[in-house]
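Worksheet: the structure to be examined is printed underneath.
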Amino acid sequence: MLSKEELRMRLQRGGAVAVGFAEAGRVPAEVDRQYSEWLGKGYHYGMTWMERHRELRRDPENVLPGVKTVISIAYPYSPGVGKGLRAPYVARYAYSEDYHLSVREMVSEALGEPCGYQWRICIDSAPLPERFWAVKAGIGFIGDNGAFIVPGIGPEVVLAEILTTADYPPDSPLSMECLHCGRCLGACPSGALCADATIDCRRCISYLTIEHRGPWTDPAAIEAMNTPRGRDTLFGCDCCLAVCPLCDGSTLSALPPADVPPLPLPSSERLLGKLYPRSPLLRARRKGLLRNLRLDTDDSAM
């Protein structure tokens, strides 16, 4: 099998800015309790799938039987671009290819053809508490904005995990933590950030313009989308990331660039996907993008 340092080096050569190894095991009860409390408050809003597969989240053994090691990997996405003067706002990561596709390809290429052990690559494709595992693997810490922060890089990263039955020596968690400067809390335009570093998705412009399906009906969601930032947003929000003093804007993106669909949008969902097959904006679907532009409130096709 690949040695620990050889695997780390391969992943870093492929664009990863941090790679860490953690011993697989059951998630601490306190972590599970905090997640249950967040769900109990309804802060997951329309993401009802988060209520399912709770046992899978509690132990990676339920995702990959025989797992010995969880490898956490961080890739930077900051492309150094932003919205035009008259264009609605698009999150910075959406100027790169959909990381679900490109990161999986990069990790697969780094792994090659591992023999003798089982491996599973997870990029939002399994119910894993990825920030918990990334902290345990020693590649960073969680900020007051709920984002994962890699020292020297900041919060503009996407995470991936490799579950494997290979038994690698674990790395140690970092002693660093969030500066607790309050800038992210003050910058959030809709009051979505909570004091315990969780997010109330009913108020989160990023969630409401990307993941949410159908019209915004909750009073908190309607209020959030009627803020100046909400009215000016097509896809996502970076306010709490951009003000983080640990954010290194000079870091180059490891993800390939992607074209952002121009306005007006292509005339159908199929045409949008055909013209921009690897764009993150496809996650919101054409109906969602039209809703965000306040051009269509009919959710029948969403």
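One-based numbering along the sequence shown.
- Taking a 6.0 Å sphere around CD of Gln34, one finds it holds more than 12 heavy atoms contributed by other residues, nucleotides or ligands.
- A single hydrophobic cluster is not seen to contain both Phe148 and Ile162; linkage of ILVMFWY side chains at heavy-atom distances under 4.5 Å, directly or through other members, places them apart.
- No more than 12 heavy atoms of other residues, nucleotides or ligands sit less than 6.0 Å from atom CG of Asp259.
- Within the 4.5 Å cutoff, no side-chain heavy atoms of Ile73 are placed close to those of Leu159.
- In plain terms, the two heavy atoms of Leu255 and Ser96 that are nearest each other are CB-CB, 3.7 Å.
- Leu289 is connected to Ile210 through a chain of hydrophobic side-chain contacts under 4.5 Å among Ile, Leu, Val, Met, Phe, Trp and Tyr, so both are in one cluster.
- Between Phe132 and Pro28, the closest side-chain pair of non-hydrogen atoms falls below 4.5 Å.
- Shortest non-hydrogen contact noted between Pro262 and Tyr276 is CD-OH, 3.0 Å.
- Arg286 contributes no side-chain N or O that, together with a main-chain N or O of Glu269, makes up a donor-acceptor pair within less than 3.5 Å.
- Tyr35 is not connected to Val27 by any chain of hydrophobic side-chain contacts under 4.5 Å among Ile, Leu, Val, Met, Phe, Trp and Tyr, and they are in different clusters.
- The side-chain heavy atoms of Pro155 and Cys247, taken from C-beta on, include a pair separated by under 4.5 Å.
- The two residues Leu241 and Ala147 make their nearest non-hydrogen contact at CD2-CB, 3.7 Å.
- Smallest separation of non-hydrogen atoms from Leu208 and Ala221: CD2-CB, 3.8 Å.
- In this structure, Val107 and Tyr75 have side chains that are in contact, with non-hydrogen atoms separated by less than 4.5 Å.
- Rounding to the nearest 0.5 Å gives a distance of 6.5 Å between CG of Leu11 and CG of Leu111.
- When hydrophobic clusters are built by joining Ile, Leu, Val, Met, Phe, Trp and Tyr residues whose side-chain heavy atoms come closer than 4.5 Å, directly or via intermediates, Val135 is not grouped with Leu128.
- In terms of modelled atom types and a separation under 3.5 Å, the side chain of Asn62 and the main chain of Glu55 share a donor-acceptor contact.
- Panel note: side chain Glu161, backbone Ile121; no donor-acceptor pair is recorded below 3.5 Å.
- Of the residues listed (Trp216, Tyr43, Tyr207), the one engaging Arg202 in a side-chain contact (heavy atoms from CB on, under 4.5 Å) is Tyr43, and it is the only one.
- Among residue pairs with one or both ends in residues 162-176, those qualifying as side chain to side chain donor-acceptor pair (under 3.5 Å) are Lys4-Asp171, Arg8-Asp171; sequence neighbours excluded.
- Judged as a side chain to side chain donor-acceptor pair (under 3.5 Å), the pairs with a partner in residues 125-137 (not counting sequence neighbours) are, in order, Arg104-Ser125.
- The pair Glu37-Lys41 fails the salt-bridge criterion, with no side-chain N (NZ, NE, NH1 or NH2) lying under 4.0 Å from an Asp/Glu carboxylate O.
- Interatomic distance, Asp98 CG to Leu282 CG, rounded to the nearest 0.5 Å: 7.5 Å.
- Once rounded to the nearest 0.5 Å, the distance linking OG1 of Thr198 with CG of Asp144 reads 11.0 Å.
- With Asn226 contributing its side chain and Ile222 its backbone, the two residues share a donor-acceptor pair below 3.5 Å.
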Item checked: Residues Ile205, Thr227; criterion side-chain contact (heavy atoms from CB on, under 4.5 Å); working and verdict -> CA-CA 10 Å; Ile205 292 171; Thr227 60; 3.8 Å; yes
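- At least one donor-acceptor pair under 3.5 Å links the side chain of Tyr45 to the backbone N or O of Asp218.
- The distance from the CD1 atom of Ile149 to the CE atom of Met176 is 9.0 Å, given to the nearest 0.5 Å.
- Not one N or O on the side chain of Ser279 forms a donor-acceptor pair closer than 3.5 Å with the backbone of Val260.
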Next item on the list: Any chance you could lay out the side-chain contact (heavy atoms from CB on, under 4.5 Å) test for Leu234 and Thr209, step after step, and finish with the verdict?
Entry: CA-CA 7 Å; Leu234 175 64; Thr209 57; over 6 Å; no
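- In this structure, Ile153 and Pro76 approach most closely via the heavy-atom pair CG2-CB, 4.4 Å.
- Other residues, nucleotides and ligands contribute at most 12 non-hydrogen atoms within 6.0 Å of the CZ atom of Arg183.
- Remark: the backbone N or O of Gly214 is paired with a side-chain donor or acceptor of Arg291 at under 3.5 angstrom.
- For residues 106-123, the set of pairs meeting the side chain to side chain donor-acceptor pair (under 3.5 Å) definition, not counting sequence neighbours, is empty.
- A 4.5 Å side-chain heavy-atom check between Val19 and Ile139 finds every atom pair outside the cut-off.
- Atom CZ of Arg270 has 12 or fewer heavy atoms from other residues, nucleotides or ligands within 6.0 Å.
- In this structure the side chain of Cys181 reaches within 4.5 angstrom of the side chain of Pro245, judged on heavy atoms.
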Next item on the list: Step by step, work out the side-chain contact (heavy atoms from CB on, under 4.5 Å) result for His100 and Ile123.
Entry: CA-CA 6 Å; His100 299 87; Ile123 299 111; 4.3 Å; yes
Checklist line | Worked verdict on Arg229 versus Ser190 for side-chain contact (heavy atoms from CB on, under 4.5 Å) | finding: CA-CA 8 Å; Arg229 171 47 68 95; Ser190 55; over 6 Å; no
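- One finds the SG atom of Cys194 at 9.5 Å from the CH2 atom of Trp38 (value rounded to the nearest 0.5 Å).
- Put simply, NE2 on His212 and CE on Met225 are 10.5 Å apart, with the number rounded to the nearest 0.5 Å.
- A heavy-atom distance below 4.5 Å is found between the side chains of Leu263 and Pro88.
- No chain of hydrophobic side-chain contacts below 4.5 Å, direct or via other Ile, Leu, Val, Met, Phe, Trp or Tyr residues, connects Leu252 to Met106.
- Of the charged side-chain nitrogens involved, at least one lies within less than 4.0 Å of a carboxylate oxygen, so that Glu223 and Arg203 count as a salt-bridged pair.
- Contact between Val67 and Leu163 at its shortest, heavy atoms only, is CG2-CB, 4.0 Å.
- Taking the side chain as every heavy atom from C-beta outward, Arg13 and Met9 approach each other to under 4.5 Å.
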